[in-house]
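All chains are named by letter (A, B, ...) in the order of the sequence lines, taking the proteins before the strands, and each is independently numbered beginning at 1.
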There are 2 protein chains.
Amino acid sequence: MKAYKIPEATVMRLSIYSRYLHQLIDDGVKSVSSDEIAHGVGVSSAQVRKDLAYFGEFGTRGVGYKVEVLYGHLMKILGLDRRWCAIIIGAGKLGSALALYQGFAARGFNVGAILDASPDKIGTKLGEIEVEPLEMMAQRIEEKNITIGIVTVPASAAQEVTDKLIESGVKAILNFSPRVLKVPGNVILRNVDLSVNLEVLSFNLNYLK
Amino acid sequence: MKAYKIPEATVMRLSIYSRYLHQLIDDGVKSVSSDEIAHGVGVSSAQVRKDLAYFGEFGTRGVGYKVEVLYGHLMKILGLDRRWCAIIIGAGKLGSALALYQGFAARGFNVGAILDASPDKIGTKLGEIEVEPLEMMAQRIEEKNITIGIVTVPASAAQEVTDKLIESGVKAILNFSPRVLKVPGNVILRNVDLSVNLEVLSFNLNYLK
DNA sequence: TAATCATTGCTCAATGTTTCACAAAAGATT
DNA sequence: AATCTTTTGTGAAACATTGAGCAATGATTA
């Protein structure tokens, strides 16, 4: 693949463009301009074109983009032309909510297993799938070909389960715990920190006033 | 307050520094250097000092920072030296999980109300608080002095409830729905998009291979 | 009190990202 | 077929963020 370094902000916008295009497909729209996409998702049209330019030329000058074609390209670029299997570690409120969240499956992400350390949680059902003990980690990752680990345990346990996930072969970690995780360079890490998001709001409410 | 524009990345890091300092306080540590903070949270020490420099001089040259003093400053900067009241709209899996999430209260965020449109959800209890109908929005925001609205409804309803929140006096919106929201310039908006985060992982898994 | 030490705060350079502006190109119109 | 209109793709400029290096300076020691 390309040797270019793609800005993360670009990747996030591509994901948002793809969702907007999906909506256009549902609405029966056949063709779209960078300007329309830009308005639809709240960025500039130059930004849209620049983002797309990292990956090729998908439009027709004077005309715009064919919605379905561009959507197809974006899904491929994002790696969403296949299914990914994820494992959730931590069956607390957040882990359970994510396990049951419909939005993931809709975009090609399966939850292959959900594990927890606590005996009261083990054996309970979350939709189709049953909470299992942490000891099942390596086996489930192996047999279900799981590449993504979702960490929703308390901060104190986060590094430990992360290490185990990586040892068991997971290639990417989505971390919801409020803890900075250390992972080897070949493992992809993203943090979603709910408190940080609220605190950015709080800062702005406080600061702009 | 200052006229400077503070980068959002800086604000997010301040939030993370403050959490790290809290941990140090728990461990009984009295003094810390920018280099130690940097290692603790995974950034460069220059970055730490630069971030703090937006707001003043908090350290002592040759010595470092007094942990408690710096923590106090950060909490004040972040607006966390007071309590904020939030309202959650949408009592689905995610809304419920957030309503029950302990992490928010720990940092000074109260959930003052949780509303839903669906009759089967209305009246159910989430911990202390009961799911109420959407019609209660204006009243609850008014009487509980709510400034933050958390949107966890499906994409199709997101703009509508956002408009109502703003009309009812909310000053900031934390949007979990996969929809680009339009808000007036004086309302602060942040988006937490769970699918986008997974898709960035998917992109990287796909692209780096 | 002077010398030494450690670490901040700050300046300036490097890097990364977004915006601007326009040539190029495709289709529509005459 | 020539011209016009529209919108892409892109190079260069503007802007923003991060990183490197060091002078300034408070604490400590002799």
Side-chain angles (χ1 to χ4, degrees), chain A residues 2-17 20-21 24 29-71 73-74 77 180 200 203-204, chain B residues 2-17 20-21 24 29-74 77 180 200 203-204 207:
Chain A
K2 290 226 191 64
Y4 265 111
K5 204 202 138 279
I6 311 293
E8 185 167 290
T10 290
V11 179
M12 295 180 72
R13 285 191 297 266
L14 291 180
S15 168
I16 292 169
Y17 302 158
Y20 179 72
L21 292 173
L24 292 183
V29 178
K30 295 295 178 200
S31 177
V32 69
S33 70
S34 60
D35 199 54
E36 287 169 303
I37 297 174
H39 274 93
V41 308
V43 301
S44 74
S45 64
Q47 182 84 84
V48 172
R49 296 196 298 275
K50 247 302 144 59
D51 286 337
L52 297 176
Y54 282 105
F55 301 95
E57 303 190 5
F58 305 115
T60 309
R61 295 174 190 222
V63 177
Y65 305 88
K66 286 190 181 174
V67 175
E68 270 157 37
V69 173
L70 183 56
Y71 178 76
H73 280 295
L74 289 184
I77 289 166
V180 177
V200 173
F203 169 83
N204 283 294
Chain B
K2 291 228 188 62
Y4 265 111
K5 204 201 138 281
I6 310 293
E8 186 166 290
T10 290
V11 178
M12 295 180 73
R13 283 190 300 265
L14 291 179
S15 169
I16 292 168
Y17 303 157
Y20 179 70
L21 292 173
L24 292 183
V29 178
K30 294 296 180 200
S31 178
V32 69
S33 70
S34 59
D35 200 52
E36 288 170 303
I37 297 174
H39 275 93
V41 308
V43 301
S44 73
S45 65
Q47 181 85 83
V48 173
R49 295 197 297 275
K50 193 49 90 57
D51 286 338
L52 297 176
Y54 282 106
F55 301 95
E57 304 189 4
F58 305 116
T60 310
R61 293 174 191 220
V63 177
Y65 304 89
K66 287 189 180 173
V67 175
E68 270 158 35
V69 173
L70 183 56
Y71 178 75
H73 280 296
L74 289 185
I77 290 166
V180 177
V200 173
F203 168 83
N204 283 293
Y207 184 78

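Rounded to an integer number of Å, the gap from NZ of A:K66 to C1' of C:dA26 is 13 Å. A:D35 places its CG atom 13 Å from the P atom of C:dT19, with the value rounded to the nearest Å. Rounded to whole Å, atom P of C:dT8 lies 14 Å from atom CZ of B:F58. What separates OH of A:Y54 from P of D:dT10 is a distance of 13 Å, to the nearest Å. Regarding A:F55, its CZ atom lies at a distance of 14 Å from the P atom of D:dT10, rounded to whole Å. Put simply, CE on B:M12 is 15 Å from C1' on D:dT17, counting in whole angstrom units. Look at CD on B:Q47: it is 8 Å from C1' on D:dT17, rounded to the nearest Å. Taking atom CZ of residue A:R49 and atom C1' of nucleotide D:dG9, one finds them 7 Å apart after rounding to whole Å.
The distance from atom CG of B:L74 to atom OH of B:Y17, rounded to the nearest 0.5 Å, is 9.5 Å. Of the inter-residue distances, the one linking B:S45 atom OG with B:H39 atom NE2 reads 8.5 Å to the nearest 0.5 angstrom.
The two residues B:S31 and B:V63 have their closest heavy-atom pair at OG-O, 4.2 Å. For A:L52 against A:F58, the heavy-atom pair with the smallest separation is O-CE1, 3.6 Å. Heavy-atom minimum distance, A:L24 versus A:V67: CB-CG1, 4.0 Å. B:S44 approaches B:A38 most closely through the heavy-atom pair C-CB, 3.6 Å.
The side chain of A:E57 has D:dG9 as its nearest neighbour among C:dT8, D:dT8, D:dG9. Picking from D:dG19, C:dT18, D:dT8 the nucleotide with the shortest atom distance to the side chain of B:S44 gives D:dG19.
In terms of phosphate contacts, B:Y65 brings no side-chain nitrogen or oxygen within less than 4.0 Å of OP1 or OP2 of C:dA6. One finds a side-chain N or O of B:S34 lying less than 4.0 angstrom from the OP1 or OP2 phosphate oxygen of C:dT8.
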Provide a list of protein-nucleic acid N or O atom pairs under 3.5 angstrom, restricted to nucleotides 23-26 of chain D.
from   : atom 1 : to    : atom 2 : distance (Å)
D:dA24 : N3     : B:R61 : NH1    : 3.0

Shorter than 3.5 Å, N or O on both sides, protein versus nucleotides 12-16 of chain D: list them out with atom names.
from   : atom 1 : to    : atom 2 : distance (Å)
D:dA12 : N6     : A:K50 : NZ     : 3.3

Q.
Show, in sequence, the C-alpha distance, side-chain angles and deciding distance for B:I6 and B:L14, and conclude whether the side chain to side chain contact (heavy atoms under 4.5 Å, CB included) test is met.
A. CA-CA 11 Å; B:I6 310 293; B:L14 291 179; 5.6 Å; no

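The residue B:T10 sits apart from the nucleic acid: no heavy atom pair falls under 4.0 Å.
Judged as a side-chain hydrogen bond (donor to acceptor under 3.5 Å, both in side chains), not a single pair has a partner in residues 55-67 of chain B (not counting sequence neighbours).
Under the 30°/60° scheme for interplanar angles, the aromatic rings of B:F203 and A:F55 are found to stand perpendicular.
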